[in-house]
Every structure is written in structure tokens, then in C-alpha cells.
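Take a look at the structure below.
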Amino acid sequence: MTENYGSIIVDKDIFIVSVPIHDSREIPRGILYGVVETDSFQIYKNTSMDKETDYMQIIDRDGEYILRQQGINLMTESENIFDSIEKLECKKNLSEIKDRIREGKPLVIEVSRGDDERVVYFSPLHMNEWYVVTVMKKSDVTASLKYLLDNDIYILIGEVLGVSVILTVVLLSLSAKERKRVEEMNQELQFNEKVFQITSSQFSYVIMAYEIESRRLRFLNQSALTKNVPRIIEDAPQNLLKYIPQTKDTKQQVETIFQNMGNGKQNQEFYVSIIVQGEERMFQVQETDLTDKKGRVTQCLALMKDVTEEVQLRKKADMDQLTGLFNRTGGIERIDAELKQTDLPEGVVHAFCIMDLDNFKTLNDTMGHQAGDKALKEIGRILKQHFREYDIVCRLGGDEFVVFLENIPREIIEKNIRSLLKKLHLRYYSKGKCVEISVSVGVALAPLDGNKFRDLYSKADRMLYEVKQTGKDGFKIYTEEEGKRK
């Protein structure tokens, strides 16, 4: 490595060169340091390199600094020399300068900012595709040209060649060591990548990296799920679905994941359903954003795991076995989760409905619990068919049901419930007897009447009680006026 520092021994700039020392087994045992004063690179006897105004750098063909003199100056304001040139006035086009440098050709340009005029000479080293960049005041260059005309040019050429030979020897020594070290690092990286692929393939996780700017998705390990999927997918938000057997929900789920990637949040969790070997499977995607030094999200790392069995077990625990609806625990948990989303469009609410069967006790007493169970199953089937797939329908217990209608226009609620009541006029016959059941409904609206299950339940239950007291087979919606009559 090479660095530039100010010397604490003499008031001069120096280059410090460090080379690792290896034993016979190529194990690093020490570091050899060398010090070269900047003045030793000076070419012209009558032109002093003023460290405040004249300076030298070594760059690669992409403009990245290999060696840079200490301090900030006109040509080192940015981390890349081309970026510095772009901020200055220059007669040559920047793309032309880049092309010439990348072709390995020498180049002289003039740059300026106000009255500060400089001559910049790019000299190829013909090794490692590096360049020596010398920056001097234009007035100093003019003086140097006069010196060339007045002095023995052959002596001058000899000095230039001598300095070049010394610099080339040092750089070649560094290059050989560094090249060997880079090769060792590459071998180590390849070995580590192979070990990672072998070990990660034993897990059920799919590991993915998504690049925000390029929209490129890379699969970092191999699994049965990705065996027919390319390791790299360009423009992944558009193209990923081409390689995934989809359910009716997959497209929307994948779009949601990509929309949320790069929002700066850590440890986000999503679910996506995919057809695997003809069977619908549920996968959990855990995603986290990675940022650069400036805090910008550049990549996202995601782990995808098959959680079908876990979801099924949890769903079974949250389901009412008789009706196939959510049970009390599952219903309350999901409704409270939805109530946290209070930012609804104008005119849209959540409707919390408590439903109680009319004459259910008479049915049980007259025809037995088997008839009662049959009625509960039929009620459950009608509720599932009547409401939307994403509405939450649960049986709290006995003949009491709760339906949570998400994001519904206020004016639609009454029409929806009236239609339901007509469907829930059911008759049951046994031994010449007939029992007709119907449903009474109490309704509270969120977030107007509350944003927690218990608050909405309390207000809707009061409305249900009033319906029961005034003839059953109807519904009532909670209002502020109703609350004042408490």
C-alpha cells in the first residue's frame, strides 16, 4: 500500500510505501516500510513543487486514486479525479478525456477556476493500467519551457528517466506482492462461497439479495424451490413471476413485497403463496434493508421459508371446528390488528357487527342439539358466502357471531345487512314441528366509535339488545345520539 503524509522529521511531504514480509510458508511475519520525499519526484531544477499549488497523484484508468498527496486541492476535491475535472472549466470534453485515459494514452489538459489556471499531465505507467498525474500552475510550466530552451535537454531527459526507473521498480515490487495477495484472497472468497452454498443448501431457507438501483434479484443459495429459477433475475419486479407457479394471490403478494423493499425499515415480514409440486404452499419472507455510508438503501436481503405447516396449525388453533369460522381468539386477534390501521379514505369505515340468532334456544329445546349444530353450520356457510373474502367472520361462542367489514363505504352498510337478514330466515322441521330462526344485529363503526375490540363490542352489543327488545330480526347502528341515551 502507499499513503502520503507530512513528515515530522523535515518540513516536507513524503510517500510511505509498505510491503508485507512472508516466511517460507507465505505467512505474513512483518511489514517493510519505505519513505520517499515528494521532492525526489521533481523533474525540473528551476521549478519547485509547491505543495500548496503543485502536486502529483497516481490513479487508475477509472479515475480512482491509487496514491494521493495530502490535503484537499483543486484536483482532489472529489473521491474520483474525473468528478473533480467536471467541476472545473476545461476545453476538452470529459468523455474525450476518459476515453483517452482508458486507451492508455498520454494526455495534457488545461483546467481553471477563476484566475487559478493549471496544466494537468497524465502519463501512463504501462503497469496495472495506472497513470501518474502531475498538476502545476500554468505560469510554472511556461517557466519550465524557457528552461528547456536555455539548458542541456539531454541532462533533463536523464533525470526524468532516472526518476521513472526508481518509481517503476517500487511499483513493480508492490504490484507483484499485491497481485499474489489478491489471488489468495480470490481463492479464499471462492472457497468461502462454495462452503456457504453447500451449507445453506441444507436449510429450508431461500436466501435472496435485491439491488434497488438495478432492480436485480440474486438467489444466493440453491434449493428445491429455485432449481428451475435463474440465479440472477434482471428487472425482478416485472420478471420474477415468470418463474413462479402462482395461486390467485401470488401476484398481489409479490407486488406488495417489492413496493415495500427499500423503504428503510428493518426486519419486515411478508407472506406469499406459491404452487409447489401441484400443492399450494405458504412462504414467509423476512426482509431487511442494507444502507451505504450515506445512509441510502442500496440492497435488500431476504430469507424465504416454507411455513405451510405452521400456518395450518395456527389456523386450526384459531378456527371454530363446528362452523369453519374464526373462533373467539382468532377473531379478536385479527380484528384488533386491523383496527390499528386508522388512515381510511373519506367516507369509508370499518363496520363491527354482532349477530345473535333469534329462537335458537327454542330450536335446541324442541329438536335437540343436533338440529342446533346443523343451524350453526348453515349460518356459518351463509356468512362466509355473503361477506367478502377479506372480511373477518368469527363465532364468539354459542349462537353469537361477530363480522368485521373492512374498508366499506358508510352508505353500503345498511344495504349489505338488509340483504343478509333475508338470507338468514331459516326453517327447521322435525316430527311435525317447525321452528323458524332469524338474526338480530347490532353495529358500531370504526374509528368513529372506537379503535379497540372491547369498545366496539360494548357499543354494538347495546344496539343488539335494543333490536332484541323491539321485535328481533333487524339491525341497529350506533350513533352519538344513541350514546347520549345511555
Side-chain angles (χ1 to χ4, degrees), residues 79 185-186 188-247 249-276 280-315 318 333-334 336-343 390 406:
E79 293 300 316
M185 291 176 64
N186 283 337
E188 184 176 352
L189 286 172
Q190 291 174 4
F191 175 77
N192 289 339
E193 182 180 2
K194 189 65 176 177
V195 171
F196 169 76
Q197 290 179 357
I198 293 173
T199 55
S200 60
S201 66
Q202 305 304 312
F203 298 103
S204 57
Y205 287 99
V206 175
I207 307 173
M208 300 170 287
Y210 177 63
E211 299 170 8
I212 297 295
E213 185 173 345
S214 66
R215 293 161 61 93
R216 180 184 297 116
L217 180 68
R218 292 181 293 130
F219 292 93
L220 304 183
N221 67 327
Q222 296 178 342
S223 70
L225 182 65
T226 60
K227 64 180 180 179
N228 296 321
V229 179
R231 288 286 300 277
I232 298 176
I233 298 178
E234 303 290 347
D235 195 11
Q238 288 287 359
N239 296 323
L240 176 60
L241 290 173
K242 296 178 181 178
Y243 306 100
I244 298 178
Q246 303 172 40
T247 70
D249 300 318
T250 306
K251 186 175 185 292
Q252 181 61 51
Q253 292 165 339
V254 170
E255 288 176 354
T256 299
I257 293 172
F258 279 115
Q259 287 168 3
N260 284 275
M261 280 183 164
N263 60 12
K265 295 182 179 179
Q266 303 296 312
N267 301 319
Q268 298 186 94
E269 188 175 289
F270 307 94
Y271 289 87
V272 58
S273 55
I274 300 173
I275 301 297
V276 180
E280 180 175 343
R281 308 287 294 180
M282 181 63 70
F283 290 83
Q284 180 191 65
V285 179
Q286 294 175 306
E287 182 269 338
T288 189
D289 292 341
L290 306 178
T291 59
D292 59 15
K293 294 180 180 179
K294 296 181 180 179
R296 297 174 301 189
V297 178
T298 56
Q299 293 195 68
C300 306
L301 185 66
L303 302 178
M304 188 167 78
K305 181 185 179 183
D306 189 336
V307 292
T308 305
E309 282 72 25
E310 297 173 28
V311 170
Q312 289 175 345
L313 286 173
R314 180 174 178 181
K315 187 175 181 180
D318 290 344
E333 180 181 318
R334 284 162 176 78
D336 270 334
E338 290 298 327
L339 286 171
K340 293 178 181 178
Q341 302 178 17
T342 57
D343 186 17
Y390 52 84
E406 302 179 31

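Treat the numbers as computed from the prediction; the structure is a model and nothing was measured.
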Of D306, V311, V307, the residue whose pairing with F283 passes side chain to side chain contact (heavy atoms under 4.5 Å, CB included):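 Result for side chain to side chain contact (heavy atoms under 4.5 Å, CB included) with F283: D306.
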
Report yes if some heavy atom in the side chain of [X] is under 4.5 Å from a heavy atom in the side chain of [Y]; otherwise report no.
X    : Y    : value
V206 : V285 : no
N228 : Y243 : no
K340 : D336 : no
R215 : Q238 : yes
I212 : T298 : no
E287 : N260 : no

Do any N or O atoms from the side chain of R231 and from the backbone of F219 form a donor-acceptor pair under 3.5 angstrom?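 A pair under 3.5 Å: yes.
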
Set of ring pair (Phe, Tyr, Trp, His ring centres under 6.0 Å) partners for F258, sequence neighbours left out: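 Counting only residues at least two positions away or on another chain, F258 forms a ring pair (Phe, Tyr, Trp, His ring centres under 6.0 Å) with Y210.
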
Listed by chain and number, what are the salt bridge (Lys or Arg N to Asp or Glu O under 4.0 Å) partners of D318, not counting sequence neighbours?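 D318 satisfies salt bridge (Lys or Arg N to Asp or Glu O under 4.0 Å) with R314, R334 once adjacent residues are dropped.
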
What residues, two or more places apart in sequence or in another chain, satisfy salt bridge (Lys or Arg N to Asp or Glu O under 4.0 Å) together with E280?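 Per chain and number, E280 pairs via salt bridge (Lys or Arg N to Asp or Glu O under 4.0 Å) with no residue.
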
Reported [atom1]-to-[atom2] distance for the pair [X] and [Y], which is rounded to 0.5 angstrom:
X    : Y    : atom1 : atom2 : answer
T308 : R281 : OG1   : CZ    : 3.5 Å
I257 : L240 : CD1   : CG    : 9.0 Å
M208 : M261 : CE    : CE    : 6.0 Å
Q299 : E213 : CD    : CD    : 11.0 Å
L339 : E406 : CG    : CD    : 9.0 Å
L241 : K251 : CG    : NZ    : 7.0 Å

Among all residues two or more places apart in sequence or in another chain, which pass the side-chain contact (heavy atoms from CB on, under 4.5 Å) test with [X]?
X    : value
R216 : E211, S214, R218, I232, E234
P245 : I274, I275
K242 : N239

What's the shortest heavy-atom distance between C300 and G262, and which atoms?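 Residues C300 and G262, closest heavy atoms: SG-N, 3.6 Å.
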
Is it true that, when you exclude E269 itself, more than 12 heavy atoms of the residues, nucleotides or ligands shown sit nearer than 6.0 Å to its CD?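 Count over threshold, so yes.
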
Please check if any side-chain donor atom of D249 sits under 3.5 Å from a side-chain acceptor atom of T247, or the reverse.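 Side-chain D/A pair, D249 to T247: absent.
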
State, without any angle test, whether Q268 and N263 hold a side-chain donor-acceptor pair at a distance under 3.5 Å.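 Distance-only check passes for Q268 and N263.
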
